[in-house]
Amino acid sequence: MKKYKVYVAPMAGITNQSFRLICKEFGADMVYSEMISDMGIIKKNKKTVDMLEFDKKERPIAIQLFGNKPSEMLEAAKYVEKHFHPDFIDINCGCPAKKVADSKKAGSALMKSPKLIFEITKALVDNLKTPVSVKIRSGWSKNSINALEVAKLVQDAGASLITIHPRTKEQEFSGLSDWNLIKEVKGLLKIKVVGNGDIKTCYDAKKMFEQTNCDAIMLGRSIIGNPWLIKECKDYLEKGIEPKQISIKERVDVLIKHVKLLKEEYNEKQAALLIRPHLSKYFFGIKNRKTYIVDMMKLNSGSEIIKYLKTID
């Protein structure tokens, strides 16, 4: 039976350790940390360094770094390798957020400087034992689609894996991703290529594998509050099992587990805040969904949310 690889994308404010552990339980083949600032690591900022922590149950895991100077990215990567020993160190060349791309000239802003992407990647590859991967977009704008050029440079620099989200920085998350670009990158390279973008169902996952010949798929926004999609993709791809409806009890049980993990990782207040982006998705399609979400948004601790969830049947 062919094994289809399903990865969990790095998402700011989402892919903390708690969410990654949930995703691993649902069969994720690899998880990624949130994007982490190279300068935050260099300056030993406690909040930043805490983001590097992971549980051995999360392996294989990639720690994703963002920055725009080879020397600083290497210094941060060396610290990560020495103290945390992840399975991959990933270079973020895809984040479209203004505070990253526009203010810090990192993330997707690097797509405007292919030579710099090569230099950063090569600096890490030449000086680390840990495999290096890179996540890119199709380009900065529709007039500067350069994913093929960048992908070739990433391979030439010695990276082991590349992920492509085929939207431009200007698109952010609007419009459709161009899966044909993933196919072109895969046809050009010898290293592993991971496809990312617009996979909302297990049927989409199958289409991406068939249309692009990619080595793995990466799920992002579609699994926020919906880790079941990971298992649905693997079950459908490998065994032909169709997805089933998820009961309210299943949703509540996983949500309670998620909140408990957040309490352990952070504290009561942070657990209540960090679960909020997931709530509407956990209850998608459920009767009284709006009432549940409005009620829980008013609660200020993880324990209060768990107590409320236990009243739902």
Side-chain angles (χ1 to χ4, degrees), residues 5 7-10 29-42 48-49 51-52 54 58-95 100-101 104-139 146-166 181-182 184-196 214-216 218:
K5 300 292 185 182
Y7 296 170
V8 171
D29 292 292
M30 185 152 77
V31 294
Y32 283 63
S33 72
E34 301 177 63
M35 61 177 183
I36 302 173
S37 163
D38 61 350
M39 289 308 299
I41 295 170
I42 291 168
T48 304
V49 173
M51 290 171 70
L52 296 167
F54 62 87
E58 296 178 59
R59 290 191 183 278
I61 182 171
I63 298 294
Q64 189 186 71
L65 306 179
F66 74 90
N68 65 5
K69 293 183 175 62
S71 60
E72 291 170 356
M73 286 287 279
L74 177 58
E75 184 178 349
K78 281 184 173 179
Y79 180 87
V80 172
E81 180 178 72
K82 179 179 179 180
H83 297 281
F84 295 92
H85 314 292
D87 300 280
F88 278 87
I89 291 179
D90 190 70
I91 301 168
N92 183 319
C93 302
C95 178
V100 174
K104 298 186 178 178
K105 309 301 180 188
S108 57
L110 293 177
M111 295 300 294
K112 293 192 287 185
S113 305
K115 185 172 180 287
L116 181 55
I117 293 176
F118 174 84
E119 290 170 354
I120 292 171
T121 305
K122 187 163 177 57
L124 269 59
V125 170
D126 288 352
N127 293 281
L128 300 175
K129 294 179 181 177
T130 308
V132 175
S133 59
V134 182
K135 189 169 191 286
I136 69 171
R137 282 196 166 232
S138 55
N146 61 347
L148 289 171
E149 176 193 359
V150 171
K152 184 67 166 58
L153 287 170
V154 163
Q155 177 174 270
D156 291 346
S160 302
L161 178 151
I162 187 168
T163 301
I164 175 168
H165 180 166
L181 195 54
I182 302 172
E184 290 183 50
V185 170
K186 175 60 184 171
L188 179 70
L189 304 186
K190 295 179 181 177
I191 62 174
K192 290 186 177 181
V193 174
V194 182
N196 175 217
C214 61
D215 298 286
M218 179 176 279

> Between Phe88 and Ser160, is any pair of side-chain heavy atoms under 4.5 Å apart?
Replying inline: yes
>> Quick check: do Lys78 and Leu128 have side-chain heavy atoms less than 4.5 Å from each other?
In response: yes
> Roughly how far, to the nearest 0.5 Å, is the CE atom of Met30 from the CZ atom of Arg59?
Replying inline: 12.0 Å
> Under a 4.0 Å N-O cut-off, is there an ion pair linking Asp156 with Lys122?
Replying inline: no
> About how many Å separate OH of Tyr32 and CD1 of Ile61, when rounded to the nearest 0.5 Å?
Replying inline: 10.5 Å
> Would you call Leu52 and His83 a side-chain contact if the rule is heavy atoms closer than 4.5 Å?
Replying inline: no
> Is there any ring-ring contact (aromatic ring centres under 6.0 Å, His included) pair reaching into residues 112-131, and which pairs are they, with sequence neighbours excluded?
Replying inline: none
> Looking at Val134 and Ala159, what are the two nearest heavy atoms and their distance?
Replying inline: CG2-CB, 4.3 Å
> Would you call Ile41 and Ile36 a side-chain contact if the rule is heavy atoms closer than 4.5 Å?
Replying inline: yes
> Quick check: does any side chain N or O of Thr130 sit under 3.5 Å from a backbone N or O of Ile89, one acting as donor and the other as acceptor?
Replying inline: no
> With no hydrogens and no angle check, is any side-chain donor or acceptor of Arg137 less than 3.5 Å from a backbone partner on Gly94?
Replying inline: yes
>> Looking at Gln155 and Lys190, would you say the former's side chain and the latter's main chain have a donor-acceptor pair under 3.5 Å?
In response: yes
> Should the pair Asp90-Lys135 be classified as a salt bridge under the 4.0 Å nitrogen-to-oxygen rule?
Replying inline: no
> Quick check: does any side chain N or O of Asn146 sit under 3.5 Å from a backbone N or O of Met111, one acting as donor and the other as acceptor?
Replying inline: yes
> How close do Gly195 and Ile182 get, heavy atom to heavy atom, and via which atoms?
Replying inline: CA-CD1, 3.8 Å
> Is there a side-chain contact between Glu149 and Pro114 (heavy atoms, below 4.5 Å)?
Replying inline: yes
>> Does Leu110 form a side-chain contact (heavy atoms from CB on, under 4.5 Å) with Ile136? I'd like the steps, not just the answer.
In response: CA-CA 9 Å; Leu110 293 177; Ile136 69 171; over 6 Å; no
>> Whether the side chain of Asn92 engages the backbone of Gln64 through a donor-acceptor N/O pair (distance < 3.5 Å, no angle test) should be reported.
In response: no
>> Show, in sequence, the C-alpha distance, side-chain angles and deciding distance for Ser37 and Phe66, and conclude whether the side-chain contact (heavy atoms from CB on, under 4.5 Å) test is met.
In response: CA-CA 5 Å; Ser37 163; Phe66 74 90; 3.6 Å; yes
>> Which heavy atom of Ile164 sits nearest to which heavy atom of Ala147, and what is that distance?
In response: CD1-CB, 3.7 Å
>> Checking the side chain of Ser113 only, and the main-chain atoms of Lys115 only, is there a donor and an acceptor separated by less than 3.5 Å?
In response: no
> Heavy-atom distance under 4.5 Å between the side chains of Met35 and Leu65, does that happen here?
Replying inline: no
> With His85, which residues qualify under ring pair (Phe, Tyr, Trp, His ring centres under 6.0 Å), at least two apart?
Replying inline: none
>> Can you tell me how far apart CG (Asp38) and CG (Asn68) are? Round to the nearest 0.5 Å.
In response: 7.5 Å
> Can you name the closest pair of heavy atoms from Leu189 and Ala151 and give their distance?
Replying inline: CD2-O, 3.7 Å
> How far apart are the closest heavy atoms of Thr121 and Ile117, and which atoms are they?
Replying inline: OG1-O, 2.8 Å
>> Does any part of the side chain of Lys152, heavy atoms only, come nearer than 4.5 Å to the side chain of Leu188, both counted from C-beta?
In response: yes
> Step by step, would you call Ile162 with Lys192 a side-chain contact (heavy atoms from CB on, under 4.5 Å)?
Replying inline: CA-CA 6 Å; Ile162 187 168; Lys192 290 186 177 181; over 6 Å; no
> Any donor and acceptor pair, going by atom type alone, linking the side chain of Glu81 with main-chain N or O of Pro86 inside 3.5 Å?
Replying inline: no
> Atom OH of Tyr79 and atom CD1 of Ile63: how far apart are they, to the nearest 0.5 Å?
Replying inline: 12.0 Å
>> Ignoring hydrogens, what is the shortest heavy-atom contact between Tyr7 and Leu161? Give both atom names and the distance.
In response: CE1-CD1, 4.1 Å
> Rounded to the nearest 0.5 Å, what separation is found between the CG atom of Leu181 and the NZ atom of Lys186?
Replying inline: 14.5 Å
> Out of curiosity, Ser133 OG to Asp87 CG, how far, rounded to the nearest 0.5 Å?
Replying inline: 10.5 Å
